[in-house]
Amino acid sequence: MKLAIIFNGQGAHYENMGEDFIAEYPVAKELMQQIESVTDYPIQEWINQDIDVLSKTKFAQPAIAAISLVIYQSIAPLLPAVSYMAGLSLGEYSALIASGAISIEAGFSLLKARGEIMSKQCRKLKDTTDVQMVAALNMPLEVIQETLLEVDPSLPLYIANYNSPGQIVLGGVVEAINQFSEIAKAKGYRKIMPLKVEGPFHTPLMQDAVNDFEKALADIEFGQANVEVMSNLTVEPHQLSTIKEHLANHLVQPVQWQQTIEFFVDQGVTHLIQIGPGKTLAALLKRQENVPKVLVIDKVEDVQALESLFN
């Protein structure tokens, strides 16, 4: 058996997420208190009473990562050896914290800054133009690439996420997305789904955020991780010599999640555990072939399935 832990990104949050772990496990309660102290955010209050706050990137990022870490620390004593960790976009930071590559204090300070910087750039973009992200479903990559070439080249539109063979995410200005959608429909591809995010993450439209994030990273100390953590940018384990550069550049370059899962398959990973709210990553795996066996740990009741996963 070879195990990898994967953490989800934004968009899968829901009311009362993680509260059962906080009630059940003292380590989870202590960790949430620590994270709220570091961020000075009332994360539990948002989750229980005002979940709509998490529609804003600057609040969603630390809150979702907090729940991911709460769940991970609760089950960590029950896990066998872990070979790799990875996460989709935001989830990469959950993985870095869980692996010990960065402390809770530094990790959540960085996430708070990242969320604020990304939100600021999205507001700046929306002052001048309408921007959006959409998921192209069941549309082959080569057709997406051909269709992008048919969109007015003066209108910015980019691939932002390679999520799975059946889901590619695009980010850009709304006019370009509308053109793309019309061309795609004419080719018989009608499933172009808008995403509920603030802006075109992981595209060159976020370039102005890179300098600010580099400044935030400058004061952060990374150490040697206990488990290799995959870079969404390079599809290779992070190295101390390049981690800050790669994290900053990833703001403007696409998430290579499908390629990350393919890497795991090539490395002989046999089991995956998805940690965090929702089942997004497990759902994406259904679109890929020869993937490892996967278990989602989202609620306390899921913990009972750990033993059967490894048998």
Side-chain angles (χ1 to χ4, degrees), residues 1-9 12 18 21 24-25 27-28 30-31 35 64-104 106-108 111 222-240 243 246-247 255-285 288 290-311:
M1 186 196 74
K2 198 170 187 178
L3 174 65
I5 305 292
I6 55 177
F7 297 88
N8 66 341
F21 282 92
E24 181 79 14
Y25 296 91
V27 67
E30 293 171 8
L31 179 58
I35 293 169
I64 293 168
I67 296 305
S68 295
L69 268 295
V70 157
I71 295 173
Y72 176 73
Q73 293 292 358
S74 298
I75 69 168
L78 306 175
L79 297 177
V82 178
S83 297
Y84 297 101
M85 290 184 178
L88 194 154
S89 188
L90 164 65
E92 187 170 340
Y93 291 81
S94 301
L96 287 167
I97 298 169
S99 73
I102 185 172
S103 69
I104 293 291
F108 278 89
L111 270 177
F222 289 89
Q224 190 63 49
N226 300 317
V227 179
E228 289 192 310
V229 178
M230 299 298 298
S231 166
N232 275 190
L233 182 68
T234 65
V235 199
E236 296 177 350
H238 273 297
Q239 304 296 323
L240 282 175
I243 188 168
H246 289 167
L247 289 176
V255 175
Q256 301 196 64
W257 187 249
Q258 176 184 335
Q259 296 90 332
T260 299
I261 299 301
E262 290 169 351
F263 174 90
F264 286 159
V265 172
D266 290 343
Q267 295 301 308
V269 170
T270 57
H271 295 74
L272 295 172
I273 296 178
Q274 183 206 309
I275 291 177
K279 299 182 179 180
T280 303
L281 303 183
L284 291 175
L285 287 170
Q288 286 187 245
N290 303 317
V291 296
K293 189 175 182 180
V294 62
L295 173 67
V296 176
I297 304 291
D298 176 33
K299 301 182 185 302
V300 166
E301 62 196 50
D302 299 326
V303 178
Q304 299 174 8
L306 274 174
E307 184 176 348
S308 60
L309 178 70
F310 305 127
N311 292 333

Next on the checklist: Run the ring-ring contact (aromatic ring centres under 6.0 Å, His included) test on Tyr84 and Phe263 for me, step by step, so that the C-alpha distance in whole Å, both residues' side-chain angles and the decisive distance to 0.1 Å come before the verdict.
Outcome noted: CA-CA 11 Å; Tyr84 297 101; Phe263 174 90; 5.6 Å; yes
Next on the checklist: Quick one, Val303 with Glu24, criterion side-chain contact (heavy atoms from CB on, under 4.5 Å). Give me CA distance, side-chain angles, the key distance, then yes/no.
Outcome noted: CA-CA 12 Å; Val303 178; Glu24 181 79 14; over 6 Å; no
Checklist entry - What's the verdict on side-chain contact (heavy atoms from CB on, under 4.5 Å) for Leu233 and Val255, showing C-alpha distance, side-chain angles and the deciding distance? => result CA-CA 6 Å; Leu233 182 68; Val255 175; over 6 Å; no
Next on the checklist: Run Leu272 and Leu285 through side-chain contact (heavy atoms from CB on, under 4.5 Å) and show every step you take.
Outcome noted: CA-CA 10 Å; Leu272 295 172; Leu285 287 170; 3.7 Å; yes
Next on the checklist: Set out, in order, the CA-CA distance, both residues' side-chain angles and the distance that settles side-chain contact (heavy atoms from CB on, under 4.5 Å) for Glu262 and Gln288, then state yes or no.
Outcome noted: CA-CA 9 Å; Glu262 290 169 351; Gln288 286 187 245; 3.8 Å; yes
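A heavy-atom distance below 4.5 Å is not found between the side chains of Asn232 and Gln256. Within the 4.5 Å cutoff, side-chain heavy atoms of Ile64 are placed close to those of Leu90. You'll find the side chain of Asn226 stays beyond 4.5 Å of the side chain of Ser99, heavy atoms only. Between Ser83 and Lys2 the shortest side-chain heavy-atom distance falls below 4.5 Å. Side-chain contact between Leu240 and Gln224 is present, with at least one heavy-atom pair separated by less than 4.5 Å. Using a 4.5 Å heavy-atom cutoff, the side chains of Ile75 and Phe21 are in contact. Met85 places a side-chain heavy atom less than 4.5 Å from the side chain of Tyr72. Two residues are said to be in side-chain contact when any heavy atoms from C-beta on lie closer than 4.5 Å; Ile275 and Ile6 fail this criterion.
To the nearest 0.5 Å, atom CE of residue Met230 and atom CD1 of residue Ile261 are 9.5 Å apart. Separating the CG atom in Leu69 from the OG atom in Ser74 is a distance of 10.0 Å, to the nearest 0.5 Å. Going from atom OG1 of Thr280 over to atom CG of Leu88 covers 8.5 Å, rounded to the nearest 0.5 Å. Annotation: the span from Leu79 atom CG to Ile5 atom CD1 amounts to 5.0 Å, rounded to 0.5 Å. For the atom pair Phe7 CZ and Leu96 CG, the distance stands at 9.5 Å (nearest 0.5 Å). Note that OH of Tyr93 and OG of Ser68 are 14.5 Å apart. Values are rounded to the nearest 0.5 Å.
There is no side-chain donor-acceptor pair under 3.5 Å between His238 and Glu228.
At least one donor-acceptor pair under 3.5 Å links the side chain of Gln274 to the backbone N or O of Gly278.
For the pair Gly18 and Ile67, the tightest heavy-atom approach, listed with the atom from each and the gap, is CA-CG2, 4.0 Å. Of all heavy-atom pairs spanning Ile297 and Asp302, the tightest one is CD1-O, 3.5 Å. The shortest non-hydrogen separation linking Ala95 to Gly87 is CB-N, 4.4 Å. Val265 and Val291 make their closest contact through CG2-CA, 4.3 Å (heavy atoms, listed as atom of the first residue, atom of the second, distance). Nearest heavy-atom pair, Asn8 versus Gly276, reported as atom, atom and distance to 0.1 Å: OD1-CA, 3.7 Å. The two residues Ile104 and Ile97 make their nearest non-hydrogen contact at CD1-CG2, 3.5 Å.
No more than 12 heavy atoms of other residues, nucleotides or ligands sit less than 6.0 Å from atom NZ of Lys279.
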